[in-house]
Structure formats: structure tokens, C-alpha cells
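Since the structure comes first, as C-alpha cells, the remarks are kept for the end.
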Amino acid sequence: MGMKKILIIGIVASGKTTLAKRLSKKINVPWYELDTIVHHQTPTGRYKRTTEEQIEVLKEIDNNGEWIFEGTDRKSYQCLYQMADTIIFLDTPLWKRRIRILTRFIKQKLGIEKCHYNPDFLMLKMMYKWTRDFEQDRSSFEAKLKIYSEKVIRLSNNNKLNFP
């Protein structure tokens, strides 16, 4: 196998980061959180990059060689579907994601788990909203995946990936 360019896509709390870290270690390919590309952390704080800026950063990383990107589906990085040689859709059951959103929120509030955002009740509410929106709009996401079906791996659990 030549270059490894892997896109891990899934909704909030599906286990993308855990899978990306594990895969990165296993195959020795750097991983990037798409959220940190959208919301750029600078010494003066976080700001949201424009779509153009996001695409610039993605192309720069792509030009450097192999990568693993993980994140939710956003309009600004549709180019990754073409660029990836493997797309992993982490389709964790809804009940499990709902529980994870809450347990993650509690861990963040208690300082057990770090995050790049302010874990307040609005954010908690938004995570449930994004989850609901994704489920309501799932058919359009599935239609997009169909276009790339020859390179899609669908997992219902981030432990289910068997490495050669």
C-alpha cells in the first residue's frame, strides 16, 4: 500500500479521536483534529478560519504526505472525501453517543478531561442538537458516502477495526 490518507468521519461522541490516536500510533501516520483546523488556537485566543483558510491548511498538510483527519462532516472540507484513500465512517449507536455526550460533559466539568471549548450547558445542548440534526439529515450524508463507496469502511464501534 502506498500513501496513507485516512478520513475518519462521524457525529459528536462517536469515538473518532480515540480511533484516530490508536490508528496513528499503529500505522505511524500523523493525525489531525478537524475542529482545531476550523477553530484555530492562537496566543490571543481561538478564532474560526474562513472556508478558504481551512482548505489552505488542509492542502498544506496533504502536500506534506500521509495523514489521518478526524471530525464531523462540514461543508468546508468536502475536498477530503476526494483526497482520502480510505474513509472510515464511525457509526456508533445513537444511545451510546447520547450517554457519551453527558459523561464527557461531566468529566470536563470536573476537570478530568480537557477540551478546546468551554464545556457549559449551551455547548451540551448544542451537542445534542447536532446529534439530532445529523440523524434527521442522515439520508443526505449516506448519499454522499455512496459516491465514495469503494473506499468507505463503516464501523459501529471504534474497537472493531482490524489492522493487518
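Owing to the predicted nature of the structure, the values given are computational and were not obtained by experimental measurement. Starting from 1, each residue takes its place in the sequence as its number.
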- [ ] State whether a side-chain donor-acceptor pair under 3.5 Å links Asp133 with Tyr128.
- [x] no

With a 4.5 Å limit on heavy-atom distance, are the side chains of [X] and [Y] in contact?
X: Arg74; Y: Thr51; value: no
X: Phe89; Y: Leu155; value: no
X: Leu34; Y: Leu80; value: yes
X: Lys144; Y: Gln78; value: yes
X: Thr131; Y: Ile101; value: yes
X: Val57; Y: Tyr32; value: no
X: Tyr77; Y: Leu7; value: no
X: Phe141; Y: Phe134; value: yes

Please determine whether residues [X] and [Y] belong to a single hydrophobic cluster, defined as Ile, Leu, Val, Met, Phe, Trp and Tyr linked transitively by side-chain heavy-atom distances below 4.5 Å.
X: Val152; Y: Leu19; result: no
X: Phe69; Y: Ile147; result: yes
X: Trp130; Y: Leu124; result: yes
X: Leu145; Y: Leu94; result: no
X: Val12; Y: Ile88; result: no

Which distance, rounded to the nearest 0.5 Å, do you find between the [atom1] of [X] and the [atom2] of [Y]?
X: Gln136; Y: Ser140; atom1: CD; atom2: OG; result: 11.5 Å
X: Glu56; Y: Glu52; atom1: CD; atom2: CD; result: 9.0 Å
X: Lys125; Y: Lys129; atom1: NZ; atom2: NZ; result: 10.0 Å
X: Lys75; Y: Asp73; atom1: NZ; atom2: CG; result: 8.5 Å
X: Met83; Y: Ile61; atom1: CE; atom2: CD1; result: 9.0 Å
X: Leu90; Y: Asn157; atom1: CG; atom2: CG; result: 8.0 Å

Side-chain ion pair, [X] and [Y], N-O less than 4.0 Å:
X: Asp85; Y: Lys4; result: no
X: Asp91; Y: Arg138; result: yes
X: Asp137; Y: Arg132; result: no
X: Glu70; Y: Lys21; result: no
X: Lys48; Y: Glu53; result: no

For [X], does the [atom1] atom have more than 12 heavy-atom neighbours from other residues, nucleotides or ligands under 6.0 Å away?
X: Gln82; atom1: CD; answer: yes
X: Asn28; atom1: CG; answer: no
X: Lys59; atom1: NZ; answer: no
X: Arg49; atom1: CZ; answer: yes

Open item on the list: For Lys16 versus Ile9, what's the shortest heavy-atom pair and its separation?
Closed with: CD-C, 4.0 Å

- [ ] Measure across Pro119 and Gln108 and return the closest heavy-atom pair with its distance rounded to 0.1 Å.
- [x] CB-OE1, 3.4 Å

TODO: Kindly assign one of parallel, tilted or perpendicular to the pair Phe121 and Phe105, based on the angle between their ring planes and the thresholds 30° and 60°.
DONE: tilted

Open item on the list: Does the plane of the ring in Tyr47 sit parallel, tilted or perpendicular to the ring in His40? Use 30° and 60° as the thresholds.
Closed with: perpendicular

If only atom types and distance count, is the side chain of [X] paired as donor or acceptor with the main-chain N or O of [Y] below 3.5 Å?
X: Thr72; Y: Gly10; value: no
X: Arg97; Y: Ser14; value: no
X: Lys151; Y: Tyr81; value: yes

TODO: For the pair Cys79 and Leu58, evaluate side-chain contact (heavy atoms from CB on, under 4.5 Å) and give the outcome as yes or no after the intermediate values.
DONE: CA-CA 9 Å; Cys79 57; Leu58 295 175; 4.1 Å; yes

- [ ] With side-chain contact (heavy atoms from CB on, under 4.5 Å) as the test, would you mind laying out the steps for Met123 and Asp120 before giving the verdict?
- [x] CA-CA 5 Å; Met123 184 53 105; Asp120 55 13; 3.3 Å; yes

Task: Worked verdict on Ile27 versus Ile6 for side-chain contact (heavy atoms from CB on, under 4.5 Å) - done: CA-CA 11 Å; Ile27 64 175; Ile6 301 167; 3.7 Å; yes

- [ ] For Ile11 and Thr92, run side-chain contact (heavy atoms from CB on, under 4.5 Å): C-alpha distance rounded to whole Å, both residues' side-chain angles, the deciding distance at 0.1 Å, then the answer.
- [x] CA-CA 9 Å; Ile11 191 55; Thr92 309; over 6 Å; no

